[in-house]
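See structure below.
Any value given below was found using the heavy atoms of this structure, including those in side chains, with hydrogens, waters and symmetry copies removed.
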Amino acid sequence: MVTAGTGGIGLETALGLAVAGFAVTVIGRDAERGAKAVERINATGPVHPARFLSADLASLDQVRALARRIAADHAASGEPLTVLVNNVGAMFAERQSRGGVEASFVVNHLSPYLLTELLLPTLTAGAPSRIVNVTSGAVVVAKRVFDAVEPPGGYYGFHWYGRAKLANLAYTLDLAARLDGTGVSVFAADPGGAATDMTNGTMTDPKIVSPALRLLWPLVRRTFERSTSGPASGAARPSVMAATDDTLTGRTGIVIGAQAHPVAPHRAATNPRVAEAVRRLSERHAPLALT
């Protein structure tokens with residue numbers, strides 16, 4: 001299953017998994033894009049036909065409904081869920097909220113966190129299985145305080161995106177340790193740069209970075225353009241590797257870098273205090289059981 005799998009890196013990841021022999025389900029908001037994605041995947045002659053499920057992953061209620069459907073489908077069919085790729089991601093030039101919570105944190109962390117936690121029984125039943133959370137180099141510009149969803153100070157989309165991705169990376173490594181020995185392996189995949197809707201849209205606005213970085217924007221922008229000019233198919237390679245590579249069998253808690261080989265995780269994501277703070281924040285804003 002690939003979230004945000006109807007275009008860009010997500011679709012290329014789904015194509016790679018289909019080529020590897022998986023029965024692929026792509027998740028997205030738009031039924032028309034979903035139908036086109038399924039058509040493109042099935043045109044490659046996969047062993048198993050692809051399918052599309054509709055869900056707005058910016059809505060935690062829809063994430064819960066999606067998890068219930070996936071779990072029920074696999075229980076009814078007896079087919080295991082062996083790979084979950086949390087590819088969903090979004091950056092916002094202006095502050096937005098989803099359900100009263102800052103949108104970047106919802107989409108980039110709380111949504112994949114909640115979906116993963118709700119599907120853990122299904123993934124465990126299908127073990128050996130893998131969870132792949134897509135991370136970002138933007139974690140290096142993130143504030144590392146997680147007492148609240150939003151840190152103090154002005155809103156800058158790139159930094160808030162990086163902070164949410166840092167939260168998710170810390171969660172990924174913490175989850176890997178928690179699931180060690182269960183048969184469920186957990187990986188992070190860094191796609192590096194690619195020409196996508198986000199890089200060609202939101203990231204062209206200099207207001208998404210702090211004023212200090214904005215002064216260097218012309219240089220940063222030129223560097224950025226060089227690093228994001230590659231195709232989405234190349235950026236999908238780390239996710240496909242994390243999901244399929246035989247050399248990773250039995251291993252867990254590994255970050256697959258943009259060159260599709262293991263790299264050291266960002267240091268802040270390995271800090272137990274950061275992981276604990278992220279855990280508390282996640283449980284508070286995306287409870288697994290609703291009362």
(request) Just say parallel, tilted or perpendicular for the rings of Tyr156 and His159, cut-offs at 30° and 60°. (result) perpendicular

(request) Could you label the plane-to-plane angle of the His109 and Tyr171 rings as parallel, tilted or perpendicular, counting under 30° as parallel and over 60° as perpendicular? (result)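 His109 and Tyr171: perpendicular rings.
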
Spacing of [X] atom [atom1] and [Y] atom [atom2] [to the nearest 0.5 Å]:
{"X": "Ile254", "Y": "Leu173", "atom1": "CD1", "atom2": "CG", "value": "10.5 Å"}
{"X": "Leu119", "Y": "Arg68", "atom1": "CG", "atom2": "CZ", "value": "11.5 Å"}
{"X": "Ser136", "Y": "Phe158", "atom1": "OG", "atom2": "CZ", "value": "6.0 Å"}
{"X": "Ser111", "Y": "Asn86", "atom1": "OG", "atom2": "CG", "value": "7.5 Å"}
{"X": "Lys165", "Y": "Asn108", "atom1": "NZ", "atom2": "CG", "value": "5.0 Å"}
{"X": "Leu115", "Y": "Leu110", "atom1": "CG", "atom2": "CG", "value": "12.5 Å"}

Taking atom [atom1] of [X] as the centre, does the number of heavy atoms from other residues, nucleotides or ligands within less than 6.0 Å exceed 12?
{"X": "Arg267", "atom1": "CZ", "answer": "no"}
{"X": "Arg273", "atom1": "CZ", "answer": "no"}
{"X": "Lys36", "atom1": "NZ", "answer": "no"}
{"X": "Arg29", "atom1": "CZ", "answer": "no"}

Between the side chains of [X] and [Y], is a donor N or O closer than 3.5 angstrom to an acceptor N or O?
{"X": "Asp180", "Y": "Thr252", "value": "no"}
{"X": "Arg64", "Y": "Gln62", "value": "no"}
{"X": "Asp245", "Y": "Thr247", "value": "yes"}
{"X": "Asp30", "Y": "Thr6", "value": "no"}
{"X": "Arg130", "Y": "Ser185", "value": "no"}

Sidechain-backbone polar pair: [X] side chain, [Y] backbone, donor-acceptor under 3.5 Å:
{"X": "Gln259", "Y": "His261", "result": "no"}
{"X": "Thr44", "Y": "Ile41", "result": "yes"}
{"X": "Asn133", "Y": "Pro112", "result": "no"}

Same apolar cluster: [X] and [Y], side chain cutoff 4.5 Å:
{"X": "Val255", "Y": "Leu179", "value": "no"}
{"X": "Val278", "Y": "Leu60", "value": "yes"}
{"X": "Val85", "Y": "Phe52", "value": "yes"}
{"X": "Leu118", "Y": "Val106", "value": "yes"}
{"X": "Met241", "Y": "Val263", "value": "no"}

Please find the pair of heavy atoms, one from [X] and one from [Y], that lie closest to each other, and give the distance.
{"X": "Ala20", "Y": "Thr244", "answer": "CB-CG2, 4.1 Å"}
{"X": "Leu123", "Y": "Ser129", "answer": "O-OG, 2.8 Å"}
{"X": "Ala127", "Y": "Gly183", "answer": "CB-O, 3.7 Å"}
{"X": "Ala164", "Y": "Ser104", "answer": "CB-O, 3.6 Å"}
{"X": "Thr3", "Y": "Asn87", "answer": "OG1-N, 2.9 Å"}
{"X": "Arg163", "Y": "Ala148", "answer": "NH2-O, 2.7 Å"}

With a 4.5 Å limit on heavy-atom distance, are the side chains of [X] and [Y] in contact?
{"X": "Leu248", "Y": "Arg251", "answer": "yes"}
{"X": "Thr182", "Y": "Leu120", "answer": "no"}
{"X": "Arg280", "Y": "Phe146", "answer": "no"}
{"X": "Ser97", "Y": "Val101", "answer": "no"}
{"X": "Leu114", "Y": "Leu288", "answer": "yes"}
{"X": "Leu57", "Y": "Ile27", "answer": "yes"}

(message) Under the side chain to side chain contact (heavy atoms under 4.5 Å, CB included) test against Leu15, which residue among Thr13, Leu11, Val19 passes?
(response)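 Result for side chain to side chain contact (heavy atoms under 4.5 Å, CB included) with Leu15: Leu11.
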
(message) Just to verify, which of Leu84, Thr82, Leu81 counts as forming a side chain to side chain contact (heavy atoms under 4.5 Å, CB included) with Thr122?
(response)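 Going through Leu84, Thr82, Leu81 one by one, the side chain to side chain contact (heavy atoms under 4.5 Å, CB included) with Thr122 is satisfied by Leu81 alone.
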
(request) Give a yes or no on whether a salt bridge exists between Arg33 and Glu39, defined as a side-chain N under 4.0 angstrom from a carboxylate O. (result)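 Salt bridge absent between Arg33 and Glu39.
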
(request) Give a yes or no on whether a salt bridge exists between Arg69 and Asp73, defined as a side-chain N under 4.0 angstrom from a carboxylate O. (result)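 Salt bridge between Arg69 and Asp73, a charged N being under 4.0 Å from a carboxylate O: yes.
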
(request) Check the pair Asp190, Thr135 against side chain to side chain donor-acceptor pair (under 3.5 Å), reporting the backbone distance first and the verdict last. (result) CA-CA 5 Å; Asp190 182 356; Thr135 187; over 6 Å; no

(request) Mind running side chain to side chain contact (heavy atoms under 4.5 Å, CB included) on Val140 and His266 for me, showing each step along the way? (result) CA-CA 8 Å; Val140 300; His266 185 56; 4.1 Å; yes

(message) Working note: Arg40 + Glu12, criterion salt bridge (charged side-chain N to carboxylate O under 4.0 Å, His left out); need CA distance, chi angles, decisive distance, verdict.
(response) CA-CA 10 Å; Arg40 183 174 169 192; Glu12 293 295 339; 3.1 Å; yes

(message) Working note: Leu175 + Ile131, criterion side chain to side chain contact (heavy atoms under 4.5 Å, CB included); need CA distance, chi angles, decisive distance, verdict.
(response) CA-CA 10 Å; Leu175 180 66; Ile131 298 165; 4.0 Å; yes

(request) Verify whether the ring centers belonging to Trp160 and Tyr155 lie closer than 6.0 Å. (result) yes

